[in-house]
Q: 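Below you'll find the structure I mean.
This one's a predicted model, so the numbers in the text were calculated from it and none came from an experiment.
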Amino acid sequence: KTIYLKDYQVPDYLVKTTDLRFEIYDGETIVSAMLDLYRNPAATTAATQLRLHGADLELISISLDDKVLTPADYEFGEESLTLFNTPETFKLLTITKIKPEANTSLEGLYRSRTMYCTQCEAEGFRKITYYLDRPDVMSEFTTTVVADKKYPVLLSNGNLLEQGELDNNRHYAIWHDPFKKPAYLFALVAGDLAHIEDSFTTCSGREVALKIFVEPKDLDKCDHAMTSLKNSMRWDEEVYGREYDLNIFMIVAVDDFNMGAMENKGLNIFNTSCVLAKPETTTDAGFQRVEGVVAHEYFHNWSGNRVTCRDWFQLSLKEGFTVYRDAEFSADMGSRTVKRVEGVTLLRTLQFAEDAGPMAHPIRPESYIEISNFYTMTVYEKGAEIIRMLATLLGKDNFRKGTDLYFDRHDGQAVTTEDFVAALADASGRDLTQFKRWYSQAGTPRLEVTDHYDEDAQEYRLTFKQSCPATPECQHKLPFHIPVAMGLLGSAGDLPLYLKDAEPDFETSDNTYKVLELTQAEQSFVFQRVQEKPVPSLLRGFSAPVKLHYHYSRADLVLLMSRDSDGFNRWEASQQLGLAAIYTAMQHYQQGGDLSGWVLDADLIEAYRSVLQDESLDQAMVAYMLSLPSEAYLSELAEVVDVEAIHYSRLAVRKALAHALRDEFVRIYNAYNHQQAYRVTADAIASRSLKNVALAYLILLNDETLIRACEQQYRTSNNMTDVMAALTQLVNSESSLGQGLAENALADFYQRWQHESLVVNQWLMVQASCSLPNTLAKVKALLEHPGFDGKNPNKIRALIASFCNSNAINFHANAGAGYQFLADQIIQLNRQNPQIASRLLTPLTKWKKYNSQQQTLMKAELERIMAEPQLSKDVFEVVSKSLA
Ligand code: ARG
Ligand code: ZN
């Protein structure tokens with residue numbers, strides 16, 4: 001059944017207070033819920049029925065104002081319970097039985113290893129008790145947790161009111177959350193957990209206890225999360241004026257978790273992969289992910305919890321905004337340009353692909369079958385880009401005024417994206433009417449840019465044409481309001497900008513950087529007093545989520561790469577150069593040419609060499625500028641994806657670079673390959689990343705000395721970043737020496753880390769991503785390995801999703817064997833864990849982008865899934881939309 005935004009209606013009843021009591025026993029949990037209900041004064045008609053949500057619940061008893069109800073008083077529906085003849089106000093007491101141990105969907109209350117925990121967003125609370133499980137019903141919760149003392153830690157939202165002993169070796173804790181919240185923010189944890197503790201003094205001088213709970217074996221991996229939490233709390237006070245509001249803030253790490261983490265009020269629950277970190281077990285990317293996710297969930301306390309969503313179509317209200325906030329936080333903690341490059345790379349590979357596929361949707365969707373399917377790159381990452389554009393258009397001060405007004409105006413409310421934009425418009429005085437099209441129109445806009453230089457008049461004209469491809473919900477798009485940050489490069493650097501017919505204040509600030517605002521399908525801007533033909537630096541900092549096309553010559557790109565004042569655009573120019581080099585090789589390959597011994601033009605090599613020698617550049621940027629566009633990005637750009645051509649051409653260009661720049665790479669590798677105490681500072685991360693990029697090139701030379709150096713790095717490094725980098729290169733090495741060393745290293749690695757689940761996941765991932773032949777057979781064998789667990793989402797992602805998403809050359813090989821493998825896995829997961837099953841579908845949904853033989857095979861697998869009995873809503877929605 002499809003749910004539409006246009007059908008939204010306010011709830012008939014509201015819940016003043018919610019009193020919950022959980023009696024946890026082995027195998028079953030009894031939930032008593034006392035709800036204080038009243039008719040919603042805003043409801044259009046005076047309802048005399050109440051429809052509660054409920055799923056997989058066993059109703060034991062139900063009473064209304066102390067009167068026990070009988071089956072004549074209510075009716076069960078699909079995922080609902082309707083009460084008849086409900087009065088204006090009443091107290092409802094339900095007692096239900098649930099089975100957390102049997103809950104494999106990891107939604108609602110479930111068991112993960114040694115603990116009980118919850119995941120309620122979006123609609124998991126209905127698996128706990130009968131309730132108005134919708135975000136615009138906000139209530140004050142009191143929660144009593146009762147369990148055997150073998151679960152010493154009993155947690156829920158808010159502040160601890162009371163705890164004590166009971167008979168039969170049982171005990172209890174009572175928690176009270178003074179802030180009204182929707183049910184999706186409810187959380188409960190019971191387990192034998194260890195914790196670290198710290199405290200934070202807020203800007204107004206309140207002391208907040210900070211606790212991170214983990215299984216005892218993980219107590220040594222919590223420090224980075226705690227530091228990140230304290231940094232986040234300070235940053236939100238300084239940058240957004242947001243203070244924390246309870247006396248305690250808790251994080252719990254759970255090994256079986258569908259997503260990254262969840263912002264439950266005062267009790268964030270995290271996937272272990274997003275909390276635990278220590279140098280020996282965690283890569284730099286892992287450390288940064290922990291910092292980012294801890295910040296993200298903490299920031300939700302305001303952008304999501306204090307001000308929440310009216311309905312799930314508004315999901316980007318909290319997610320887009322919060323992703324923007326966490327990205328800016330990470331930019332402030334580390335290197336801003338590096339963070340931007342990483343964010344844009346993610347957006348342009350995964351989100352652009354989503355926008356071009358059958359599941360394309362605006363950041364505020366119009367309809368859905370299963371809301372879990374809309375926790376997407378579009379709602380999150382593109383949503384964040386929309387907020388970033390608003391920040392760019394308003395400027396720092398007005399944007400802050402706008403967010404202050406938003407939080408102030410809507411504190412304690414469940415609101416819409418319209419409300420958010422209205423607050424920004426009101427605070428800044430800007431008309432954002434047209435801008436709002438970004439919320440309702442899907443698809444990635446295309447910007448065609450042409451220019452003309454008039455030497456006599458010393459005028460330079462830039463002309464922009466915007467268009468947007470059709471997407472399932474909309475064929476014809478109206479023009480977007482697009483901020484294009486730009487500058488003009490002359491032979492001696494940035495030129496001053498004098499825009500013809502500009503508003504007077506446009507000229508004041510930075511004279512070499514402007515934000516042009518596009519609002520029409522076609523629009524021109526003329527710059528005056530331009531004394532030489534410039535090279536335009538467009539979309540600086542990637543100021544809008546669009547595909548920009550301007551016909552740059554190689555010399556233009558080399559200039560931008562070496563001289564632009566915008567770090568992002570220097571990187572972007574390097575990517576354009578890389579793309580062009582790969583396309584040349586691809587053309588040769590597709591015409592039947594041989595790519596062995598492929599060489600690159602000398603000026604291109606020199607351009608890369610000068611990047612390697614540029615001392616002024618951040619080393620992390622050098623690493624990114626030397627990394628060619630990924631296969632995933634090349635696939636996204638392609639009209640029809642030629643998997644082999646992309647793989648072998650990219651590889652040929654990398655080998656050509658390795659040969660041409662061997663001495664430079666050796667110099668870099670040796671310069672940075674010194675054993676130091678591990679630190680996670682931006683500088684230290686940058687050095688490791690550059691060194692490992694050099695290593696990845698050098699290994700392509702199949703030189704014994706270099707391969708042995710790689711093996712030595714594997715053996716002697718004191719941190720997982722360098723260990724994994726070396727292991728990855730060995731595993732992917734085409735030489736027999738490399739293969740032999742890889743085999744030993746893999747065995748050694750498992751032996752050493754078998755008791756660290758997250759490390760084993762990295763071991764699974766490196767094998768699943770191996771681009772050499774025969775990987776599918778290895779992946780299938782690993783399904784039976786004790787290091788794999790088909791019930792654990794992190795393991796499924798590490799092995800199955802890695803193979804299908806990050807190993808195109810193998811996934812698409814062997815006449816559809818990869819597709820069949822994936823479909824088998826999805827069919828098996830469909831009932832066990834619908835959310836994970838649905839997410840695994842992504843590579844198959846792209847079937848229309850492949851050649852006709854591949855299309856037929858992929859489509860056949862989708863049809864096979866479609867024919868399964870008892871398809872979950874999650875899987876049904878994605879498969880049916882993909883086949884439509
Ligand atoms: N709100 C959580 C976060 O961003 C994600 C919850 C996802 N839950 C789900 N069922 N898809 O941080
Ligand atoms: Zn979030």
Side-chain angles (χ1 to χ4, degrees), residues 11-39 47-103 105 107-111 116 118 120 123-134 137 139-148 151 154 156-157 162 166-168 170-176 182-184 186-188 190:
D12 290 335
Y13 279 88
L14 296 172
V15 189
K16 189 164 180 299
T17 56
T18 300
D19 273 281
L20 302 170
R21 182 181 174 89
F22 290 79
E23 300 260 5
I24 299 174
Y25 298 99
D26 286 344
E28 63 183 51
T29 292
I30 306 296
V31 184
S32 312
M34 172 68 97
L35 313 182
D36 195 345
L37 290 139
Y38 62 101
R39 213 171 263 157
T48 55
Q49 302 196 345
L50 170 61
R51 204 174 78 99
L52 298 167
H53 301 107
D56 306 334
L57 304 174
E58 185 184 324
L59 183 63
I60 295 175
S61 79
I62 178 164
S63 35
L64 194 157
D65 289 338
D66 296 330
K67 176 180 160 275
V68 177
L69 300 185
T70 66
D73 302 316
Y74 55 81
E75 185 178 85
F76 291 103
E78 199 196 324
E79 300 210 345
S80 73
L81 172 65
T82 303
L83 310 183
F84 305 124
N85 303 316
T86 45
E88 172 100 31
T89 66
F90 60 100
K91 288 198 161 57
L92 184 73
L93 174 65
T94 59
I95 299 175
T96 45
K97 188 200 275 185
I98 52 179
K99 297 206 156 115
E101 286 83 353
N103 180 352
S105 68
E107 196 189 26
L109 178 66
Y110 64 94
R111 188 163 168 119
Y116 294 89
T118 53
C120 293
E123 299 180 329
F125 193 76
R126 62 190 62 185
K127 292 182 157 189
I128 291 176
T129 190
Y130 289 104
Y131 203 76
L132 282 160
D133 187 9
R134 44 185 289 172
V137 173
S139 173
E140 189 181 322
F141 281 68
T142 306
T143 305
T144 304
V145 188
V146 187
D148 192 284
Y151 306 109
L154 307 176
S156 190
N157 316 87
E162 188 186 321
L166 296 167
D167 293 344
N168 299 324
R170 292 172 72 76
H171 69 148
Y172 71 93
I174 307 179
W175 292 84
H176 173 248
Y184 84 86
F186 170 81
L188 174 157

Q: Can you tell me how far apart OG1 (Thr118) and CG (Leu109) are? Round to the nearest 0.5 Å.
A: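 Rounded to the nearest 0.5 Å, the OG1-CG separation comes to 7.0 Å.
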Q: Do you know which two heavy atoms are closest between Ser139 and Phe141, and how far apart they sit?
A: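 In terms of heavy atoms, the two residues are closest at O-CD1, 3.3 Å.
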Q: Looking at every heavy atom in both Asn103 and Tyr110, which two are closest together, and how far apart are they?
A: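 Shortest heavy-atom separation between Asn103 and Tyr110 comes out as O-CB, 3.7 Å.
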Q: Salt bridge between Lys91 and Asp36, side-chain N to carboxylate O under 4.0 Å?
A: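 Looking at Lys91 and Asp36, the cut-off is met.
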Q: For a quick test of reading the model, state the closest non-hydrogen atom pair linking Ala187 to Asn157 and the distance between them.
A: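 Closest pair (atom of Ala187, atom of Asn157, distance): N-OD1, 3.0 Å.
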Q: Do the ring planes of Phe186 and Phe22 sit parallel (below 30°), tilted (30 to 60°) or perpendicular (above 60°)?
A: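 The arrangement is parallel - the two ring planes meet at less than 30°.
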Q: Parallel, tilted or perpendicular for Phe125 and Tyr131, by the 30°/60° rule?
A: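 It falls in the perpendicular class, over 60°.
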Q: Rounded at 0.5 Å granularity, tell me how far CG in Asp66 sits from CZ in Phe90.
A: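 Reported value, rounded in 0.5 Å steps: 13.0 Å.
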Q: With distance as the sole criterion, is a donor-acceptor pair present between the side chains of Thr29 and Tyr116 under 3.5 Å?
A: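 Side chains of Thr29 and Tyr116: no pair found under 3.5 Å.
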Q: Start with the C-alpha distance between Leu132 and Leu37, add both sets of side-chain angles, then the distance that settles side-chain contact (heavy atoms from CB on, under 4.5 Å), and finish with yes or no.
A: CA-CA 10 Å; Leu132 282 160; Leu37 290 139; 4.2 Å; yes
Q: So, Lys16 versus Thr89: side-chain donor-acceptor pair below 3.5 Å or not?
A: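 On atom types as modelled, these side chains do not qualify, holding no pair under 3.5 Å.
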Q: Calculate, to the nearest 0.5 Å, the distance between atoms CG and OG1 belonging to Leu52 and Thr82 respectively.
A: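 Reported value, rounded in 0.5 Å steps: 7.5 Å.
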Q: For residues Pro87 and Leu64, determine if any side-chain heavy atom of one lies less than 4.5 Å from a side-chain heavy atom of the other.
A: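 A side-chain contact exists here, since the closest heavy-atom pair is under 4.5 Å.
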